[in-house]
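Just so it is clear: chains get the letters A, B, ... in the order the sequence lines come, proteins before strands, and each one is counted from 1. Only heavy atoms go into these numbers, but all of them, side chains included; no hydrogens, no water, no symmetry mates.
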Amino acid sequence: AQTVTQSQPEMSVQEAETVTLSCTYDTSESNYYLFWYKQPPSRQMILVIRQEAYKQQNATENRFSVNFQKAAKSFSLKISDSQLGDTAMYFCAFTLPNFGNEKLTFGTGTRLTIIP
Amino acid sequence: DTAVSQTPKYLVTQMGNDKSIKCEQNLGHDTMYWYKQDSKKFLKIMFSYNNKELIINETVPNRFSPKSPDKAHLNLHINSLELGDSAVYFCASSRRHLLGEKLFFGSGTQLSVL
């Protein structure tokens, strides 16, 4: 069974600074997908970024980027120029590819607070 | 226009009651899901449906019964509610024909069993 571990329950950073959230996972498969989802106080789960395991290039989405280390089974999220709106719970998630039968395994989340 | 909508947003009920949560998506997706988020914010899949067909049933008690009248709707009915059922329940949807697709989540239904 796949597991996802987020070792930082809470983090805080000053506005405009850069912060990195950690995520490790365990799987014996070679092909899979990794995600970071954001859950702001509104409770809505929103996809931040997605990485395909067979792609060596790290995914980026504007101020968000990942450091994907496949051998180490590590998938950290870097938020640059952090903004107040980045305050949220961040969940790392994993899925194996399976048409119509994919299920996300989530980590326990990191509560990120951006301080004005 | 909300892509994945759930009703109600909040549900407070007594132990032993039966309740339903409704979910609708207007994205044309084939796959819909129910996820449960417990008090510690841990999210776990409960069910998934593809075009009205149950695909994933993640060892959920029989008191939970999903129903999909069509591919745009996935409702969750819970019988004989227990205190431990208190949680936030999220409906989600995704496209089926691509791998590793992102999920579109509803805003959740916070269920409180007293």
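B:Lys52 NZ: 12 or fewer foreign heavy atoms inside a 6.0 Å radius. Environment of NZ in B:Lys22: sparse, with no more than 12 heavy atoms of neighbouring residues, nucleotides or ligands closer than 6.0 Å.
Heavy-atom distances place no part of B:Glu53 under 4.5 Å from chain A, backbone and side chain included. Heavy atoms of A:Phe91 lying under 4.5 Å from chain B belong exclusively to its side chain. At a 4.5 Å heavy-atom cutoff, the contact between A:Tyr33 and chain B is made by side-chain atoms alone. Neither the backbone nor the side chain of B:Phe104 comes within less than 4.5 Å of any heavy atom in chain A. For B:Val88, the part lying under 4.5 angstrom from a heavy atom of chain A is the side chain only.
Hydrophobic clustering (ILVMFWY, side-chain heavy atoms < 4.5 Å, transitive): A:Leu96 and B:Leu43 are in distinct clusters. Using a 4.5 Å cut-off between side-chain heavy atoms of Ile, Leu, Val, Met, Phe, Trp and Tyr, with links allowed through other members, B:Leu27 and B:Ile55 fall into different hydrophobic clusters. Note on A:Val4 and A:Met11: same hydrophobic cluster, where clusters join Ile, Leu, Val, Met, Phe, Trp and Tyr whose side-chain heavy atoms are under 4.5 Å apart, directly or indirectly. Under the 4.5 Å side-chain heavy-atom criterion for grouping Ile, Leu, Val, Met, Phe, Trp and Tyr, A:Tyr37 is connected to B:Tyr35 within one hydrophobic cluster. Cluster annotation: B:Leu83 is connected to B:Val60 through the hydrophobic network of ILVMFWY side chains, with a link wherever side-chain heavy atoms come within less than 4.5 Å.
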Inset, instruction - Give the intermediate values and the outcome of side chain to side chain contact (heavy atoms under 4.5 Å, CB included) for residues B:Ile45 and A:Leu104. - result: CA-CA 7 Å; B:Ile45 191 168; A:Leu104 285 174; over 6 Å; no

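In this structure, CZ on A:Phe106 lies 12.0 Å from NZ on B:Lys44, to the nearest 0.5 angstrom. Distance check, rounded to the nearest 0.5 Å: OG1 of A:Thr108 to NZ of B:Lys40 gives 10.5 Å.
Among the residues in residues 7-15 of chain B, those with a non-hydrogen atom closer than 4.5 angstrom to a non-hydrogen atom of chain A are B:Lys9, B:Tyr10. Within residues 42-67 of chain A, the residues having any heavy atom under 4.5 Å from a heavy atom of chain B are, by residue number, A:Arg43, A:Gln44, A:Met45, A:Leu47, A:Arg50.
The side-chain heavy atoms of B:Phe47 and A:Lys103, taken from C-beta on, include no pair separated by under 4.5 Å.
Ranking B:Ala92, B:Gly108, B:Ser94 against chain A, the residue ahead of the rest is B:Gly108, based on heavy-atom pairs under 4.5 Å.
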